[in-house]
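See below for the structure under consideration.
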Amino acid sequence: MTTTVPSVTSRNPADPSDVLVQIPAPGAFATVDAVERARAAQPGWLIGGAAARSAALGAVAAAIEAAGDELAALAVREVGKPLAEARAEVARTVAIWRYYAQAPYEPTGAVHETAAGPGLLLTRRRPYGVAGLITPWNFPFAIPSWKAAPALAAGNTVVLKPALEATACAQRLASLVEQILPAEVFTVLPGGATEGNALVFAADVVSFTGSTTVGQAVARAATARGIPVQAEMGGLNAAIVLPDADIEQAAVHIAASIAGYAGQKCTATSRVIAVGAAIDPLREALSEALRSVSVGDPADPATACGPLIDEHARDQVSSAWGGLSVLTGGTVPDLPGWYAAPTLVEKVPPGHRLLREEVFGPVAALLPADDLAHAVRITNQVPYGLVTSVHSAGLDAVLHGLDQLDTGMIRVNAPSTGVDFHLPFGGAKASSHGPREQGRAALEFYTSSRTYTLSPAGTM
């Protein structure tokens, strides 16, 4: 009897015949072994001190920067990221490692007076041990880095399980990091659900980014073990456009958020809510802006909207606009890879999947609202709450409505896409579980707080 060994396969979404990786999956036992080796290496990494960790993370940043062109080309080939965005992601990745290279010198606690009598009270944050990281394919360098760099800075070791579709990117990142860090401090373990499950059941702290269904399962499993977990999941993000907005500018921003990287970002805009008189000019301007988005080979510097990650993703997107009133797009370009045209629809009936599910592609629904309060209610009517963009010439109405939005991030007169890595990142409801990531919030997540009471000897 022939036994089929599970494999890890990664293809070029712009040319599916181009196979980048095809290797046997390591399996659950190899995953647990990787965690145990990382756990054995962790005390030495921590005891080496702040200067050593800082220097190592800075050297990683320099190595990534030196390999920048190669890494950008690899992201174009493996995950179909348009070249301009791939270059920007690599630059952000360098900045992330440099930012966290300073973190080992940050205070790890505080000193307090006792309530009465001699002595001191201390608080101190300490690393958990092994950070298990499960990352998606759409930001193959930035997301693993904004999880790994703070975990390492705080003194943890890392085992990274990347998405199957981004295996080559993760392996190349590992080759750069592993040349600089001590052995077993940073490990990339390719694989799928088997390896991911094993990592969640073996690591000391878990950070996940991916689909809502898997993220909720990861959160349940980690919580049952009593270990810290954060899960960044889906988004069904809205752009609210008020009548006083610069409609042309808003249309450009929103079109980029709908169609950039074929809408394959958790921060992409999928609902456009036009308030009052904004509906007619926005319909025209946004349709025109989407028609002008360049679709094609992601290796072409002029391309903004490349392929979907695979055939299933393309089919999910193309089925989403079926039967709806299509303002622009609604077609599948005749290209070798898995493409879908940037699409805007309107008159979407309540309960339609575009209004309740994350389609993860270059398609959005145009929705009318009577006023700002109505727009806020529409925005909040979905299970997700990651980011909302608000477009207006004045701040009065914007500030009045901002506190009513049930989203973790709000961007005014800017695309919904875009991440400031030095600030907390996360959402509400089904978009996020657990503490925020990025910025100083990440350093807190990867460490536990301890309280010490120091009393002089002989006191009672």
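Owing to the predicted nature of the structure, the values given are computational and were not obtained by experimental measurement. The figures here come from the full heavy-atom set of this structure, side chains too, leaving out hydrogens, waters and symmetry mates.
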Checking Arg92 now: which residues fulfil side chain to side chain contact (heavy atoms under 4.5 Å, CB included) with it, not counting sequence neighbours?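 Expected list: Ile96, Phe139, Ala142, Trp146, Val419, Phe421.
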Do [X] and [Y] have a side chain donor and acceptor closer than 3.5 Å?
X: Arg353; Y: Ser319; result: yes
X: Gln230; Y: Ser207; result: yes
X: Arg220; Y: Thr223; result: no

Is the backbone N or O of [Y] less than 3.5 Å from a side-chain atom of [X], with the two atoms forming a donor-acceptor pair by type?
X: Ser431; Y: Gly234; answer: yes
X: Ser54; Y: Ala50; answer: no
X: Arg87; Y: Ala72; answer: no
X: Gln264; Y: Lys81; answer: no
X: Arg271; Y: Ile378; answer: yes
X: Lys161; Y: Leu133; answer: no

Can you tell if the side chain of [X] reaches within under 4.5 Å of the side chain of [Y], non-hydrogen atoms only?
X: Trp97; Y: Leu152; value: yes
X: Phe141; Y: Ile64; value: no
X: Val8; Y: Ile23; value: yes
X: Ile258; Y: Val272; value: yes
X: Asn138; Y: Val79; value: no

Could you state the interatomic distance from [atom1] ([X]) to [atom2] ([Y]), rounded to the nearest 0.5 Å?
X: Leu176; Y: Leu181; atom1: CG; atom2: CG; value: 11.5 Å
X: Thr108; Y: Arg124; atom1: OG1; atom2: CZ; value: 5.5 Å
X: Leu57; Y: Ser145; atom1: CG; atom2: OG; value: 9.5 Å
X: Leu286; Y: Glu346; atom1: CG; atom2: CD; value: 11.0 Å

Can you name the residues that form a side chain to side chain donor-acceptor pair (under 3.5 Å) with Asp406, not counting sequence neighbours?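 Counting only residues at least two positions away or on another chain, Asp406 forms no side chain to side chain donor-acceptor pair (under 3.5 Å).
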At their closest point, which heavy atom of Ala154 faces which heavy atom of Leu46, and how far apart are they?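 What the structure gives for the nearest pair is O-CD1, 4.2 Å.
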Any pair counted as salt bridge (charged side-chain N to carboxylate O under 4.0 Å, His left out), so long as it reaches residues 253-270, sequence neighbours left out: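 Every pair satisfying salt bridge (charged side-chain N to carboxylate O under 4.0 Å, His left out) with a residue in residues 253-270: Glu85-Lys265.
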Against Trp137, only a single residue in Thr167, Ile143, Ile309 fulfils side chain to side chain contact (heavy atoms under 4.5 Å, CB included); can you say which?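 Of the listed residues Thr167, Ile143, Ile309, the side chain to side chain contact (heavy atoms under 4.5 Å, CB included) partner of Trp137 is Ile309.
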Run through Asn156, Thr157, Asp204 and flag the one making a side chain to side chain donor-acceptor pair (under 3.5 Å) with Arg39.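 Passing option: Asp204.
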Flag the pair Glu184 and Arg37 as a salt bridge only when some basic side-chain nitrogen lies within less than 4.0 angstrom of an acidic carboxylate oxygen.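 Yes.
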Check this for me, if you would: do Arg172 and Glu70 make a salt bridge, where the nitrogen-to-carboxylate-oxygen distance has to be below 4.0 angstrom?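 Counted as a salt bridge, because a side-chain N and a carboxylate O are separated by less than 4.0 Å.
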Surrounding CZ of Arg11 (heavy atoms of other residues, nucleotides or ligands, distance under 6.0 Å), is the total greater than 12?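 For Arg11, atom CZ is not crowded (no more than 12 foreign heavy atoms under 6.0 Å).
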